[in-house]
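A short worksheet on the structure shown next.
In what follows, chains are A, B, ... by sequence order, proteins preceding strands, each numbered from 1. For the numbers below, each heavy atom of this structure counts, side chains included, while hydrogens, waters and symmetry mates do not.
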Protein chains: 2
Amino acid sequence: MKEKFLNQTNPNVSVDCVIFGFDGVELKVLLVQRDLQDNLEIQDDTLVLPGDLIRDNEDLDEAASRVLTGLTGIRSVFLEQIGAFGNPNRLSKGKDRTWLEAVRLKPDARVITVGYFALINIKNYKIKPAGFAKHVVWHDYKVVEELGFDHNEILDAAIRILRNKLYREPVGFKLLPRKFSLHHLYCLYNEIMDAEIDRRNFRRRMLKTGFLKETDEFQEGVPHKPARLYTFVKKEFENVSRKNFKFY
Amino acid sequence: MKEKFLNQTNPNVSVDCVIFGFDGVELKVLLVQRDLQDNLEIQDDTLVLPGDLIRDNEDLDEAASRVLTGLTGIRSVFLEQIGAFGNPNRLSKGKDRTWLEAVRLKPDARVITVGYFALINIKNYKIKPAGFAKHVVWHDYKVVEELGFDHNEILDAAIRILRNKLYREPVGFKLLPRKFSLHHLYCLYNEIMDAEIDRRNFRRRMLKTGFLKETDEFQEGVPHKPARLYTFVKKEFENVSRKNFKFY
DNA sequence: CCAAAAGTGTTGATGCTACACCCATGA
DNA sequence: TCATGGGTGTAGCATCAACACTTTTGG
């Protein structure tokens with residue numbers, strides 16, 4: 001069952017998505033276990049980032065969107081390019097070659113991949129395993145081991161960019177439900193950065209940004225004083241670099 | 001005279017380099033005027049970024065290096081990826097198509113390009129116009145008009161990244177001679193950022209970083225007190241993001 | 001009443017801005 | 001001696017880190 005749309009597919013360029021989620025405690029990455037389709041006699045439980053070759057009529061961003069939507073059903077989401085990865089040997093590990101030969105029309109073609117990273121609210125979306133990847137897992141970021149191809153490298157680049165972004169731009173909200181407590185946000189920062197931030201200073205600084213609007217709602221069913229819930233509101237954000245803004 | 005090495009060249013992936021220089025007053029970009037080689041009857045004075053299709057055995061970084069070296073003779077230099085540009089219509093402007101048909105083996109192939117940006121010391125190197133580009137110009141960044149393909153977009157991305165880098169990392173030095181005065185560095189920052197920085201505070205902050213080592217040399221032949229020259233020394237630079245370092 | 005987390009204030013240290021002034025050199 | 005830029009110092013303000021304490025809920 002090789003690729004349909006063969007004439008519409010560019011054999012030399014692919015996209016791969018690092019999709020981050022946060023379950024309240026741990027940072028998660030969406031990984032797929034690639035399968036060998038027809039060749040059921042071969043075992044391959046290698047985990048990889050979701051990705052695909054691009055089609056001739058689509059932009060890179062669109063290709064990444066397509067992969068993401070196919071996997072999760074999500075349409076509009078925070079999705080940003082990481083960069084291109086083009087090591088000539090990036091497909092030459094043994095297991096990777098086996099897989100390529102089983103699945104690709106031109107298994108020997110050199111492929112440059114463009115990495116993307118996405119931030120999604122893990123609770124809102126149910127993963128729907130689609131097409132080429134039967135098994136989809138939210139995997140704890142901290143215990144990711146060896147992935148297929150050069151995907152560890154892509155993941156490393158993604159986390160670096162995520163930390164930087166979290167530090168300077170209001171993006172953490174994308175990983176949370178629409179309404180969230182400051183404690184929730186605080187946990188997220190503490191988990192993703194590996195810093196121990198002062199709880200009280202964090203709260204003050206966040207509120208000062210003007211990006212948070214308080215709602216009239218509170219936590220429910222907690223065995224302590226329920227926290228107020230906030231929403232994120234976009235505010236003018238001119239000259240990040242000029243103002244040297246920071247978020248923790 | 002179409003491409004040699006046809007079987008070694010990947011028709012779908014190219015690199016393009018934004019090469020910055022600083023002449024003491026203005027920020028410059030290295031542009032090439034593409035020519036039509038055999039088709040001398042057609043006029044085309046469009047300026048483009050230097051670039052080329054990648055070869056099958058080379059990494060993206062290597063391809064960018066090759067372009068840079070071919071043009072300037074420089075080997076080791078600050079060269080960093082900007083990202084991939086893959087709009088399906090990026091090659092479809094009229095003049096661009098004419099050029100592609102004259103020069104490329106597969107003029108209709110879709111090409112994704114990977115942008116790079118380089119910082120070089122403009123004075124140390126003489127441009128040697130090589131092969132495919134007869135005319136090479138140091139062009140004032142501020143007055144760049146419409147370039148070929150999507151190269152304005154790539155240039156925009158590059159300047160954005162340059163400003164950010166300059167703000168947070170010690171890279172300005174790469175644009176200057178090995179020994180330079182603080183005034184020289186100050187002019188560079190003032191020009192590239194569009195800020196009016198306080199001269200005295202700038203000096204203090206720069207010196208405090210520990211990246212500058214004073215030499216025993218001074219400016220010569222200036223009609224005022226000659227300034228001391230400094231060199232850049234690498235120092236440990238751990239946790240930029242943690243320390244919220246800034247350079248002006 | 002207790003545990004557990006929400007939420008508010010304060011203080012001292014640091015760093016930065018916005019200045020004014022003197023110095024050395026060539027013409 | 002003048003013009004030009006080099007080089008140093010400082011006072012006040014803003015910001016941030018490191019703290020302790022009170023409040024509100026469920027059990």
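Identified under the salt bridge (charged side-chain N to carboxylate O under 4.0 Å, His left out) test for residues 63-82 of chain A, with sequence neighbours left out: A:D52-A:R66, A:E58-A:R66, A:E80-A:K165. Among pairs with a residue in residues 144-157 of chain A, those fulfilling salt bridge (charged side-chain N to carboxylate O under 4.0 Å, His left out) read A:R90-A:D150, A:K93-A:E146, at least two apart in sequence or across chains.
Residue B:R228 contributes atom CZ, which lies 14 Å from atom C1' of D:dT8 at whole-angstrom precision. Rounded to whole angstrom, the span from the CZ atom of B:R203 across to the C1' atom of D:dG9 amounts to 13 Å. The CD atom of B:Q219 sits 11 Å away from the C1' atom of D:dT4 (whole-angstrom rounding). One atom, CG of A:L207, and another, P of C:dG7, lie 9 Å apart when rounded to the nearest Å. Note: CG (A:L229) to P (C:dG7) measures 9 Å, nearest angstrom. Counting to the nearest Å, the C1' atom of D:dA17 and the CZ atom of A:R205 are 9 Å from each other. Whole-Å rounding puts the A:I197 CD1 to D:dC16 P distance at 14 Å. For the pair B:E214 CD and D:dG6 C1', the interatomic distance rounds to 14 Å; values are reported in whole Å.
By the ring pair (Phe, Tyr, Trp, His ring centres under 6.0 Å) test, A:Y230 pairs with no residue at all, sequence neighbours left out. Applying the ring pair (Phe, Tyr, Trp, His ring centres under 6.0 Å) criterion to B:F85, with sequence neighbours excluded, gives no partner residue. Checked against side chain to side chain donor-acceptor pair (under 3.5 Å), A:K142 has the following partners two or more places apart in sequence or in another chain: A:E191. Among residues two or more places apart in sequence or in another chain, the salt bridge (Lys or Arg N to Asp or Glu O under 4.0 Å) test is passed with A:R178 by none. Residues passing the ring pair (Phe, Tyr, Trp, His ring centres under 6.0 Å) test with A:Y186, sequence neighbours excluded: A:F202. Listed by chain and residue number, nothing satisfies the salt bridge (Lys or Arg N to Asp or Glu O under 4.0 Å) test with B:K213 (two or more places apart in sequence, or in another chain).
For the contact set between residues 180-187 of chain A and DNA chain D, defined by any heavy atom under 4.0 Å, there are no members.
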Could you run down the sub-3.5 Å N/O contacts of the protein with nucleotides 19-21 of chain C?
| from | atom 1 | to | atom 2 | distance (Å) |
| --- | --- | --- | --- | --- |
| C:dC19 | N4 | B:R200 | NE | 3.3 |
| C:dA20 | N7 | B:R200 | NH1 | 2.6 |
| C:dA20 | N6 | B:R200 | NH1 | 2.8 |

Show me the protein contacts with nucleotides 25-27 of chain C, counting only N or O atoms at under 3.5 Å.
none

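Among the candidates A:V67, A:I154, A:I82, A:D61, the single residue satisfying the side chain to side chain contact (heavy atoms under 4.5 Å, CB included) test with A:Y116 is A:D61.
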Let me check something: any side-chain donor-acceptor pairs from residues 217-227 of chain A under 3.5 Å, sequence neighbours excluded? List them with distances.
| from | atom 1 | to | atom 2 | distance (Å) |
| --- | --- | --- | --- | --- |
| A:E217 | OE2 | A:K179 | NZ | 2.2 |
| A:Q219 | OE1 | A:A227 | N | 2.9 |

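Counting only distance, with no hydrogens or angles, the side chain of A:D198 and the backbone of A:N201 share a donor-acceptor pair below 3.5 Å.
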